[in-house]
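Before any comments, here is the structure.
Lettering of chains follows the sequences in order, A, B, ..., and the numbering in each one begins at 1.
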There are 2 protein chains.
Amino acid sequence: MSNQTIPLDAETKAIEMPDDHRDELRLWLRLLTCSTLIEGEVRRRLRDRFDVTLPRFDLMAQLDKVPEGMTLSDLSKRMMVSNGNLTSLVDRLVASGHLERRVSTTDRRAQIIKLTPAGRGEFRAMATEHEAWIAEIFGGLTQREQKDLMRLLAKTKLSARNAIMGVAP
Amino acid sequence: MSNQTIPLDAETKAIEMPDDHRDELRLWLRLLTCSTLIEGEVRRRLRDRFDVTLPRFDLMAQLDKVPEGMTLSDLSKRMMVSNGNLTSLVDRLVASGHLERRVSTTDRRAQIIKLTPAGRGEFRAMATEHEAWIAEIFGGLTQREQKDLMRLLAKTKLSARNAIMGVAP
DNA sequence: CACAATTGTTTTATGCTTAAAATAACTGCA
DNA sequence: TGCAGTTATTTTAAGCATAAAACAATTGTG
């Protein structure tokens, strides 16, 4: 398809370079670094403070938003993880008393998963601290910068989705 | 520590809200969504086009930058993964002929890992396509927007590092 | 030299993640 | 009704990831 870039080094742009995509690559690596850095710190704190993993926290966060609960399939769509993944995750959270599952009355294949009162209480406590951690982590940015970043990330998300889904021509 | 501004923008702010960090939370979730979305697509394409996983690609990318190779410890620092993690990853890539390991001449504990010529050739081919994918994914942003995003992410990285390490007072 | 501390790597136990295959229940329709 | 196709979930096999423990070799210091 494309002619590849001839990797002359950093400052030598005098010579022509048909497809230079290194700026985008740097941008992606920086985005990934930020994400990895923050995610790692959140994992660490959840573990140290509450002895909980991020996947379990995320799962409870989804359920907290929907008090009546939802099926495993709904949950897997919302969390953007595979269905099989959730089976064992939910199992463990049921075993620890955070979640409750009951078979749907209208569809015997499906199960409705929801937080137990205890699970909800525990989650809320964690969520409050979690929110403060995130505020601390982004504290070096001004309101204005946060707003700009938000906008640029929204645009990035759209751009990525188009590249992934294939943009309708 | 800091008194935060009370963001009076949305509709629900008549009632008092002592610590509202929801904007930062939204920002973090958006950053994470972008990162997850792009990473997932890169994984998918690496797998479909080259039958290689992202961790293996990343490992080879690090080694491609240093032709003389490096120790497992150096590699784990650069890749920000645990040492034990690399053991099996390197094993597999040695088995498939992409990597070569030899015991250091100066330190009998250490091993120098490097790409084989075949491994390097294969990696270069993958890297070229990979770079084009990333350019495609970020293609919806103007040069200006990319530059702004780069700057804001640099600042985010700094801010996060400060929160993590504990900023020197 | 001796030996404590450090450094480089592997092993172990545990958990998350996926894709693909298997199982079970539901739905639409001839 | 019967049955093909779809949908909900679980199982399986493989890989990635970590922390902590174990081991081995090196370094620094009295």
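- Residue order along DNA chain D, read from the 5' end via each residue's closest nucleotide, puts B:Arg92 first among A:Arg44 and B:Arg92.
- Between the side chain of B:Arg30 and the backbone N or O of A:Met150 there is at least one donor-acceptor pair closer than 3.5 Å.
- Here B:Leu89 lies in heavy-atom contact (under 4.0 Å) with sugar-phosphate atoms only.
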* To do: Check step by step if salt bridge (charged side-chain N to carboxylate O under 4.0 Å, His left out) holds for A:Arg78 and A:Asp58.
  => CA-CA 10 Å; A:Arg78 272 168 178 267; A:Asp58 286 344; over 6 Å; no
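- A:Thr71 places no side-chain N or O within donor-acceptor distance of the main-chain N or O of A:Ile112, the cut-off being under 3.5 Å.
- Atom CG of B:Asp48 has more than 12 neighbouring heavy atoms from other residues, nucleotides or ligands inside a 6.0 Å radius.
- A:Asp91 places its CG atom 16 Å from the C1' atom of C:dT14, with the value rounded to the nearest Å.
- Between the CE atom of A:Met80 and the C1' atom of C:dT18 there is a distance of 15 Å, given to the nearest Å.
- Between B:Arg26 and B:Asp23 there is a salt bridge, with a side-chain nitrogen of the basic residue lying less than 4.0 Å from a carboxylate oxygen of the acidic one.
- Using a 4.0 Å cut-off between a side-chain N of Lys or Arg and a carboxylate O of Asp or Glu, B:Arg56 and B:Glu122 do not qualify as a salt bridge.
- Using a 4.0 Å heavy-atom cutoff across all strands shown, B:Arg43 reaches no nucleic acid atom at all.
- Contacts of B:Thr53 with the nucleic acid, taken as non-hydrogen atoms under 4.0 Å apart, involve only primed sugar atoms and P, OP1 or OP2.
- Between chain B and DNA chain D, the heavy-atom contact criterion of under 4.0 Å yields a 5' to 3' nucleotide range of D:dG15 to D:dT26.
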Extract from the structure each pairing of a protein N or O with an N or O of nucleotides 20-25 of chain C at less than 3.5 Å, listing the distance.
residue: C:dA25; atom: N3; partner: A:Arg109; partner atom: NH1; Å: 3.3

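- Distances shorter than 4.0 Å separate none of the side-chain N or O atoms of B:Thr87 from OP1 or OP2 on C:dT11.
- Partners of B:Asp74 under the salt bridge (charged side-chain N to carboxylate O under 4.0 Å, His left out) rule, at least two apart in sequence or in another chain, do not exist in this structure.
- What separates CG of A:Leu54 from P of C:dC16 is a distance of 10 Å, to the nearest Å.
- Nucleic acid contact class of B:Ser73 (heavy atoms, under 4.0 Å, all strands): sugar-phosphate only.
- Around atom CD of B:Glu68, more than 12 heavy atoms belonging to other residues, nucleotides or ligands sit under 6.0 Å away.
- OP1 or OP2 of C:dT9 has not a single side-chain nitrogen or oxygen of B:Arg101 nearer than 4.0 Å.
- If you measure from atom CG of B:Leu75 to atom P of C:dT10, you get 12 Å, rounded to the nearest angstrom.
- Using a 4.0 Å heavy-atom cutoff across all strands shown, B:Arg56 reaches sugar-phosphate atoms only and no base atom.
- Each of B:Thr106 and A:Leu72 has a nearest nucleotide on DNA chain D; the 5'-most of these lies closest to A:Leu72.
- Note on A:Ser104: nothing from the nucleic acid sits closer than 4.0 angstrom, heavy atoms only.
- Side chains of A:Leu153 and A:Lys157 form no contact here, defined as non-hydrogen atoms less than 4.5 Å apart.
- For the pair A:Ile137 and A:Leu37, the minimum side-chain heavy-atom distance is 4.5 Å or more.
- Dashed line: the shortest gap from a side-chain N or O of A:Asn85 to OP1 or OP2 of C:dT18 is under 4.0 Å.
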